[in-house]
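Reading through the structure tokens given below for one structure.
Chain identifiers are assigned alphabetically (A, B, ...) following the order of the sequence lines, protein sequences preceding nucleic acid strands; residue numbering begins at 1 within each chain. The basis for the numbers below is simple: all heavy atoms, side chains too, and nothing from hydrogens, waters or symmetry mates.
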Number of protein chains: 2
Amino acid sequence: MARLADPALAQRRRREIVEAAMTCFRKRGFHQASMHEICAAAGISAGALYRYFPSKADIILTIAEEDQRATEALIESIAAGADITESLVNIARDVVCRCGENQPLTADVLAEAMRDPALAKRFAGRILEMQERLARAIAAGQRRGSVERSVDPDTAARLVTLMIDGLVLRAAIVGAEGGEQLAAAFRTFVERVLKPAQATSPRRTARLVVSPES
Amino acid sequence: MARLADPALAQRRRREIVEAAMTCFRKRGFHQASMHEICAAAGISAGALYRYFPSKADIILTIAEEDQRATEALIESIAAGADITESLVNIARDVVCRCGENQPLTADVLAEAMRDPALAKRFAGRILEMQERLARAIAAGQRRGSVERSVDPDTAARLVTLMIDGLVLRAAIVGAEGGEQLAAAFRTFVERVLKPAQATSPRRTARLVVSPES
DNA sequence: ATTTAAAGAACGAACGTTCGCTTTATATGC
DNA sequence: GCATATAAAGCGAACGTTCGTTCTTTAAAT
């Protein structure tokens with residue numbers, strides 16, 4: 001990689017390349033998409049590309065980190081929201097609607113992480129961090145009364161991240177119409193696990209006996 | 001692919017090849033593992049391999065279907081068990097303990113499915129089928145009283161498959177010690193979503209009032 | 001002698017990457 | 001204002017390698 005005079009240009013080019021690479025990777029996967037394809041998509045030559053990225057692996061790494069940061073931002077916004085349960089449901093809808101956009105990439109990143117122990121370690125660390133943050137938010141919600149008190153915050157946080165992972169990967173497969181059902185299912189999940197019992201939870205066994213849902 | 005005289009030998013060789021390929025794919029992924037590696041792992045030559053498989057893609061397809069059938073068998077055994085909630089928890093423990101064995105493959109298959117619409121369609125079909133079977137089992141459990149009555153069986157089935165997907169993929173990343181926590185979390189999930197309220201669920205707000213299910 | 005199985009060298013294609021060249025932009029001397 | 005010098009930016013053919021696959025040959029079995 002030669003010396004780069006203009007940092008602004010370099011940054012712009014790198015972004016263009018990453019963007020082009022993401023398109024290619026989405027369509028064909030990390031290891032099936034070729035550098036030539038990426039060059040074509042970015043509208044530059046191979047020589048030019050290698051001025052801004054030292055290797056294909058480096059592009060992949062950059063994208064993997066970006067993907068991770070996106071999920072992180074998602075969790076962050078959940079933790080920041082006032083009503084966790086509502087935030088969660090909204091996020092889920094976002095995820096399933098953004099169908100087939102970044103999910104293939106996420107799956108690829110995941111597959112990559114499973115083989116590369118170093119990447120897996122980093123992944124595990126981030127997941128743990130997110131879970132802890134979420135757990136704190138849930139605990140805060142419990143103190144405020146917006147979250148069911150009988151749940152262990154750590155467990156609940158684990159469940160939520162697991163469910164979101166499942167959601168992301170499934171959404172890409174079932175397509176748009178299935179997404180609605182997924183979102184609805186997720187709402188049920190949140191209500192069952194996080195919503196306080198006395199609020200609007202459908203688990204009111206006694207009510208069924210008296211008069212189910214007037 | 002030349003004519004094969006002995007079907008039994010052919011089947012044996014195919015199995016050996018598939019087994020070897022799975023080892024390679026687990027280690028390096030579908031598109032990074034080479035045919036030569038697979039040949040070496042299977043202990044045969046390239047020429048011999050191509051007598052039993054027409055292409056690499058065909059090996060991948062065979063493995064993808066096998067992986068899918070494995071998940072299917074999992075769900076099947078859940079549906080067959082007497083107590084669904086207990087079966088589920090047991091299955092989950094199995095899944096998270098069998099750490100780093102087949103999960104990389106599953107992730108690869110998933111990533112593959114996301115790019116190949118035909119594969120995705122087949123995937124979606126199988127998932128739907130499994131969900132329906134599971135939903136029927138849940139409905140049966142509700143009639144027997146072993147499953148909470150207020151849950152919609154379809155929604156519950158969807159949630160369970162989502163959660164298992166998340167579990168499978170997460171287990172490989174967090175490793176063995178994290179697996180225990182995952183299994184515990186899954187138990188909580190099942191208790192919250194499927195277990196009848198009066199049984200062991202901590203959420204027993206309504207029971208005090210009527211006690212619908214003695 | 002004929003057929004099946006296996007081997008492994010060889011093939012063309014495609015890969016990620018490099019390298020030498022050209023173009024473009026900016027600075028300098030007149 | 002123009003010619004010249006310098007270096008960054010970009011190009012694309014070419015490199016060596018590796019890939020999935022084929023082909024020719026050999027060994028064994030019937």
| Side chains of A:Arg187 and B:Thr155: do they bring a donor and an acceptor to under 3.5 Å? |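 Their side chains do not contain a donor-acceptor pair, so the 3.5 Å distance test is not met.
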Take the protein atom [atom1] of [X] and the nucleotide atom [atom2] of [N], then report the distance between them rounded to whole Å.
X: A:Arg12; N: D:dA9; atom1: CZ; atom2: C1'; value: 12 Å
X: B:Met35; N: C:dG12; atom1: CE; atom2: P; value: 20 Å
X: B:Tyr52; N: D:dG20; atom1: OH; atom2: C1'; value: 19 Å
X: A:Lys56; N: C:dA14; atom1: NZ; atom2: P; value: 15 Å
X: B:Arg13; N: C:dA5; atom1: CZ; atom2: P; value: 9 Å
X: B:Ile60; N: D:dC19; atom1: CD1; atom2: P; value: 14 Å
X: B:Tyr50; N: D:dC23; atom1: OH; atom2: P; value: 13 Å
X: A:Leu49; N: D:dG12; atom1: CG; atom2: C1'; value: 13 Å

| request: May I ask you to check whether over 12 heavy atoms, not counting those of A:Glu66, lie within 6.0 Å of atom CD? | output: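 Counting neighbours around CD of A:Glu66, more than 12 heavy atoms of other residues, nucleotides or ligands fall under 6.0 Å, so yes.
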| query | Does B:Ser45 have a side-chain nitrogen or oxygen under 4.0 Å from the phosphate oxygens OP1 or OP2 of C:dA7? | reply |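 Yes, because at least one side-chain N or O of B:Ser45 sits under 4.0 Å from OP1 or OP2 of C:dA7.
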| query | Which is true for B:Ala33 with a 4.0 Å heavy-atom rule: it touches a base, it touches only sugar-phosphate, or it touches nothing? | reply |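 Sugar-phosphate only.
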Side chain of [X] (C-beta onward), nearest among [options]:
X: B:Asp6; options: D:dT21, D:dG12, C:dA5; result: C:dA5
X: A:Arg51; options: C:dT17, D:dA8, D:dG20; result: D:dA8
X: B:Leu9; options: C:dA5, D:dG20, C:dA9; result: C:dA5

| B:Phe186 side chain reached by A:Leu162 side chain, heavy atoms, under 4.5 Å |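 Result no, sub-4.5 Å side-chain heavy-atom pair not found.
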| field | Closest-nucleotide ordering on DNA chain C, the 5'-leading residue of A:Ala48 and A:His31 | value |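 First, find each residue's nearest nucleotide; the 5'-ward one identifies A:His31.
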| Which residue lies toward the 5' end of DNA chain C, A:Gly47 or A:Phe30, if each is placed at its nearest nucleotide? |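 Closest to the 5' end, via its nearest nucleotide, is A:Phe30.
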| request: For A:Gly43 and for A:His36, locate the closest nucleotide of DNA chain D by heavy-atom distance; then report the residue assigned to the nucleotide nearer the 5' terminus. | output: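 It is A:Gly43, whose closest nucleotide lies nearer the 5' terminus.
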| query | What closest approach, in Å, do B:Glu72 and B:Met130 show between heavy atoms, and which atom pair accounts for it? | reply |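 Closest pair (atom of B:Glu72, atom of B:Met130, distance): CA-SD, 3.7 Å.
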| request: Walk me through it: do B:Arg158 and A:Thr188 pass the test side chain to side chain donor-acceptor pair (under 3.5 Å)? | output: CA-CA 11 Å; B:Arg158 227 186 303 278; A:Thr188 303; over 6 Å; no
